[in-house]
*Asks:* 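Please read through the structure below; I'll follow up with questions.
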Protein chains: 2
Amino acid sequence: MGASKSAAFTLEQNELSILFKALGHPARIAIIQYILSAKSCICGDLVDVLPLSQATVSQHLKELKTANIIQGSIEGNSICYCLNPTTLEKFKAIIGDFIEVNNCGKNECC
Amino acid sequence: MGASKSAAFTLEQNELSILFKALGHPARIAIIQYILSAKSCICGDLVDVLPLSQATVSQHLKELKTANIIQGSIEGNSICYCLNPTTLEKFKAIIGDFIEVNNCGKNECC
DNA sequence: ATTGTATATTGCAATATTACGATATATTAA
DNA sequence: TTAATATATCGTAATATTGCAATATACAAT
């Protein structure tokens, strides 16, 4: 007991929760915000911006990469990160469903 | 060390990550999907639907309640859950920003 | 009052996450 | 080659999450 019973849930439920889980930490939200706001894709200055050590930032980046939320490419000495457009499209579609379904809800209780 | 350094991040970053974190488990996604699909607001049949014990389902419901994603009202003997419209609006607004900002992204690298 | 049904809480074990120092790896510059 | 810079990984400690049996609480019906 203790481990998540992910095998007992659907693929969709697992995929969705992996996406959300990856966004479930303030440092990773900060990273996404930084990437969104940076004119060009950012490199290693994340470490200067975030209140975390280099090792910890690297770990958070890895988690975002594992969830396919960001992708990195080697740019000379450093690495350049940006959002993964495929995942972003998927995310938009999912959220769109969520919002739509709810629009026709009646809130019969609560 | 090990505890999340949430105090080092902005209120917005924390609020957002709390929302996402609450959705970061397949059981909680399943609960949201069930509430969305149920014609009227559901009650205790979640326990029959989910592959988890009553205690565990109750715990997941509590986490969704703590994050203000769902709300429950006593309905005689049982409890009736539905989405919290305020949080849902907030969520929609945030996601809207995310999507918009990205639409004008150029993906200069990667 | 007692019994049955629905939900919540407690206590605990297993596992996962978070954070960082130290170290490894990779590229650039000299 | 050597030194400097950028990023990743390892090892480890602290903390958080997950799941469930057992138990508690709350309401309904008898």
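Only heavy atoms go into these numbers, but all of them, side chains included; no hydrogens, no water, no symmetry mates. Here is how names work: the chains are called A, B, and so on, in the same order as the sequence lines, proteins then strands, and each is numbered from 1. Quick caveat: nothing in here was measured; it's all calculated off a predicted structure.
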*Asks:* Phosphate oxygens OP1/OP2 of D:dT7: is one of them under 4.0 Å from a side-chain N or O of A:K62?
*Replies:* no

*Asks:* How many angstroms lie between atom NZ of B:K5 and atom OG of A:S53, to the nearest 0.5 angstrom?
*Replies:* 8.0 Å

*Asks:* Among the nucleotides D:dA8, C:dT7, C:dT18, which one has an atom lying closest to any side-chain atom of A:L61?
*Replies:* D:dA8

*Asks:* Atom CD of B:E63 to atom C1' of C:dA16: distance rounded to whole Å?
*Replies:* 14 Å

*Asks:* Output the single nucleotide from C:dG4, D:dT18, D:dA6 whose closest atom is nearest the side chain of A:S78.
*Replies:* D:dA6

*Asks:* Grab the CD1-C1' distance between A:I74 and C:dT27 for me, whole Å please.
*Replies:* 9 Å

*Asks:* When the nearest nucleotide of DNA chain C is assigned to A:T56 and to A:N77 on a heavy-atom basis, which residue is associated with the more 5' position?
*Replies:* A:T56

*Asks:* Rounding to an integer number of Å, can you tell me how far A:I79 CD1 sits from D:dT5 C1'?
*Replies:* 13 Å

*Asks:* Could you check how far NZ of A:K65 sits from P of D:dT9, rounded to whole Å?
*Replies:* 7 Å

*Asks:* Measure CG/B:N14 against P/C:dT18 and give the value in whole Å, please.
*Replies:* 13 Å

*Asks:* Rounded off to whole Å, could you give me the NZ-to-P distance for the A:K21 and C:dT18 pair?
*Replies:* 8 Å

*Asks:* Whole angstroms only, please: what is the CD-C1' distance between B:E75 and D:dC27?
*Replies:* 13 Å

*Asks:* What's the closest nucleotide to the A:S53 side chain, out of D:dA8, C:dA8, C:dG21?
*Replies:* C:dG21

*Asks:* Of the options C:dT7, D:dT7, D:dG19, whose atoms approach the side-chain atoms of A:S58 most closely?
*Replies:* D:dT7

*Asks:* If you find the nucleotide of DNA chain D closest to A:G44 and the one closest to A:K5, which residue's nucleotide is nearer the 5' end?
*Replies:* A:G44

*Asks:* Given atom CD1 of B:I42 and atom C1' of C:dT7, what is their separation to the nearest angstrom?
*Replies:* 12 Å

*Asks:* If you check every side-chain atom of B:Q54, which of D:dA8, C:dA8, D:dC27 has the closest atom?
*Replies:* C:dA8

*Asks:* Hey, could you give me the OG1/CD1 distance between A:T87 and A:I69, rounded to the nearest 0.5 Å?
*Replies:* 7.0 Å

*Asks:* Output the distance between atom CZ (B:R28) and atom CD1 (B:I32), rounded to the nearest 0.5 Å.
*Replies:* 9.5 Å

*Asks:* Between CG of A:L16 and CG of B:L23, what distance do you get to the nearest 0.5 Å?
*Replies:* 8.5 Å

*Asks:* Closest to the B:H60 side chain: C:dT27, D:dG19, C:dA19?
*Replies:* D:dG19

*Asks:* With respect to the side chain of B:Q59, which nucleotide from D:dC27, C:dT18, C:dG11 is positioned closest?
*Replies:* C:dG11

*Asks:* Starting the side chain at C-beta, find the nucleotide from C:dT9, D:dT9, D:dC20 nearest to A:A55.
*Replies:* D:dT9

*Asks:* Quick check on the hydrophobic clustering: are A:I29 and A:I18 connected, directly or via other members, by side-chain heavy-atom contacts under 4.5 Å?
*Replies:* no

